[in-house]
Amino acid sequence: KLYLFLLILLLSFHLSARTIVVKYRDTPVDVNNGYFKTLSLKPSSLVKEMFYDEQGYYLLVSLKNTFYHYCGINKQTIKAWVNSNSLGRFYLNNIKGNFDCRIYPIPSY
């Protein structure tokens, strides 16, 4: 019975995990780890998905089919981005080249 319980527990954990490989990050990130909020987005040809850790000021964003990370990005910037008329234009004008994870700390999960 103990083995069956442990197997069920392991399977339920595995099914709830969504691990993302992020370009320029050494370790993958489980966005279902309790830190990230999945952001609702309007359709965009560039920006496909966004996950934000408000406490860590850390963003994972899928651009086309590749995930990138941005560090030191505050909630107000995220809100302005999600509410912008064009997610792609906002990214190019306000995010790209800013919030560099070589400068700001990368959270470890």
Side-chain angles (χ1 to χ4, degrees):
K1 288 183 178 183
L2 178 61
Y3 291 117
L4 181 59
F5 173 74
L6 291 174
L7 180 62
I8 291 170
L9 185 64
L10 179 63
L11 287 175
S12 66
F13 174 76
H14 179 70
L15 293 175
S16 69
R18 177 167 180 208
T19 303
I20 293 177
V21 174
V22 180
K23 193 166 188 171
Y24 308 118
R25 183 183 165 108
D26 295 335
T27 56
V29 179
D30 175 10
V31 294
N32 290 338
N33 64 7
Y35 290 95
F36 288 92
K37 177 181 177 183
T38 304
L39 302 176
S40 297
L41 304 175
K42 57 187 81 150
S44 170
S45 60
L46 177 63
V47 181
K48 301 302 180 188
E49 287 183 281
M50 291 171 67
F51 300 95
Y52 183 57
D53 170 7
E54 191 175 312
Q55 293 178 331
Y57 298 103
Y58 187 62
L59 175 77
L60 303 177
V61 60
S62 174
L63 304 175
K64 302 274 184 182
N65 293 317
T66 303
F67 272 96
Y68 296 90
H69 63 169
Y70 292 90
C71 299
I73 188 165
N74 63 45
K75 184 178 179 177
Q76 293 78 13
T77 302
I78 297 295
K79 186 175 180 180
W81 188 2
V82 170
N83 292 325
S84 69
N85 290 331
S86 169
L87 296 174
R89 191 174 305 118
F90 190 96
Y91 169 77
L92 294 172
N93 292 334
N94 301 286
I95 306 300
K96 186 177 181 180
N98 298 311
F99 310 105
D100 192 325
C101 291
R102 293 172 293 183
I103 298 169
Y104 298 101
I106 300 172
S108 57
Y109 301 102

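Because only heavy atoms are used, hydrogens play no part in the values below, and waters and symmetry mates are left out as well, while side chains stay in.
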Please report the closest heavy-atom contact between [X] and [Y], naming both atoms and the distance.
{"X": "Pro105", "Y": "Pro107", "result": "O-CD, 3.6 Å"}
{"X": "Val22", "Y": "Tyr68", "result": "CG1-C, 3.7 Å"}
{"X": "Asp30", "Y": "Ala17", "result": "OD1-CA, 3.6 Å"}
{"X": "Gly88", "Y": "Leu46", "result": "CA-CD2, 3.9 Å"}
{"X": "Phe51", "Y": "Thr38", "result": "CE2-OG1, 3.3 Å"}

With sequence neighbours excluded, tell me which residues meet side-chain hydrogen bond (donor to acceptor under 3.5 Å, both in side chains) with [X].
{"X": "Ser84", "result": "none"}
{"X": "Tyr109", "result": "Asp53"}
{"X": "Asn94", "result": "none"}
{"X": "Thr27", "result": "Arg25"}

My understanding is that only residues two or more places apart in sequence, or in another chain, count here; which of them pass ring pair (Phe, Tyr, Trp, His ring centres under 6.0 Å) with [X]?
{"X": "Tyr70", "result": "none"}
{"X": "Tyr52", "result": "none"}
{"X": "Tyr57", "result": "none"}

>> Filter on disulfide bond (SG atoms under 2.5 Å apart), then keep only pairs touching residues 59-109, sequence neighbours left out; what's left?
In response: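 Applying disulfide bond (SG atoms under 2.5 Å apart) to every pair that reaches into residues 59-109, excluding sequence neighbours, yields Cys71-Cys101.
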To the nearest 0.5 Å, what is the distance between [atom1] on [X] and [atom2] on [Y]?
{"X": "Asn33", "Y": "Thr19", "atom1": "CG", "atom2": "OG1", "result": "9.5 Å"}
{"X": "Ile20", "Y": "Thr66", "atom1": "CD1", "atom2": "OG1", "result": "12.0 Å"}
{"X": "Tyr91", "Y": "Leu63", "atom1": "OH", "atom2": "CG", "result": "5.0 Å"}
{"X": "Ile73", "Y": "Ile95", "atom1": "CD1", "atom2": "CD1", "result": "4.0 Å"}
{"X": "Asn93", "Y": "Ser86", "atom1": "CG", "atom2": "OG", "result": "8.5 Å"}

>> With side chain to side chain contact (heavy atoms under 4.5 Å, CB included) as the test, pick out the partner of Val47 among Val82, Leu87, Leu39.
In response: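 So, applying the side chain to side chain contact (heavy atoms under 4.5 Å, CB included) to Val47 and each of Val82, Leu87, Leu39, only Leu87 qualifies.
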> Are Phe67 and Val29 side-chain neighbours, meaning at least one heavy-atom pair lies under 4.5 Å?
Replying inline: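 Contact flag for Phe67/Val29 side chains = no.
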>> Between Leu59 and Phe99, is there a side-chain heavy-atom distance shorter than 4.5 Å?
In response: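 With C-beta onward as the side chain, the pair stays apart.
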> For atom CG of Asp26, is the number of surrounding heavy atoms from other residues, nucleotides or ligands below 6.0 Å larger than 12?
Replying inline: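 It does not: Asp26 CG has 12 such atoms or fewer within range.
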>> Looking at Asn83, I'd like to know if its CG atom is crowded, meaning that more than 12 non-hydrogen atoms belonging to other residues, nucleotides or ligands lie closer than 6.0 Å.
In response: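 Yes, CG of Asn83 has more than 12 neighbouring heavy atoms, counting only those of other groups under 6.0 Å.
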>> Using ring centroids (six-membered ring only for Trp), state whether His69 and Tyr24 fall under 6.0 Å.
In response: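 No: the rings miss the under 6.0 Å criterion.
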>> Taking side chain to side chain donor-acceptor pair (under 3.5 Å) as the cut-off, I'd like each qualifying pair that reaches into residues 39-49, sequence neighbours left out, listed once.
In response: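 As it turns out, the side chain to side chain donor-acceptor pair (under 3.5 Å) pairs with a partner in residues 39-49, which skip direct neighbours, are Arg18-Glu49.
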> Hydrophobic clusters join Ile, Leu, Val, Met, Phe, Trp and Tyr when side-chain heavy atoms are under 4.5 Å apart, directly or via other members; which others share one with Ile103?
Replying inline: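 Traced through the cluster, Ile103 reaches Tyr104.
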> How would you list all residue pairs meeting salt bridge (Lys or Arg N to Asp or Glu O under 4.0 Å) that involve residues 91-100, not counting sequence neighbours?
Replying inline: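 Qualifying pairs, neighbours excluded: Asp100-Arg102.
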> Applying salt bridge (Lys or Arg N to Asp or Glu O under 4.0 Å), which residue pairs with at least one partner in residues 72-90 are found, sequence neighbours left out?
Replying inline: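 Sorted result for residues 72-90: Glu54-Lys75.
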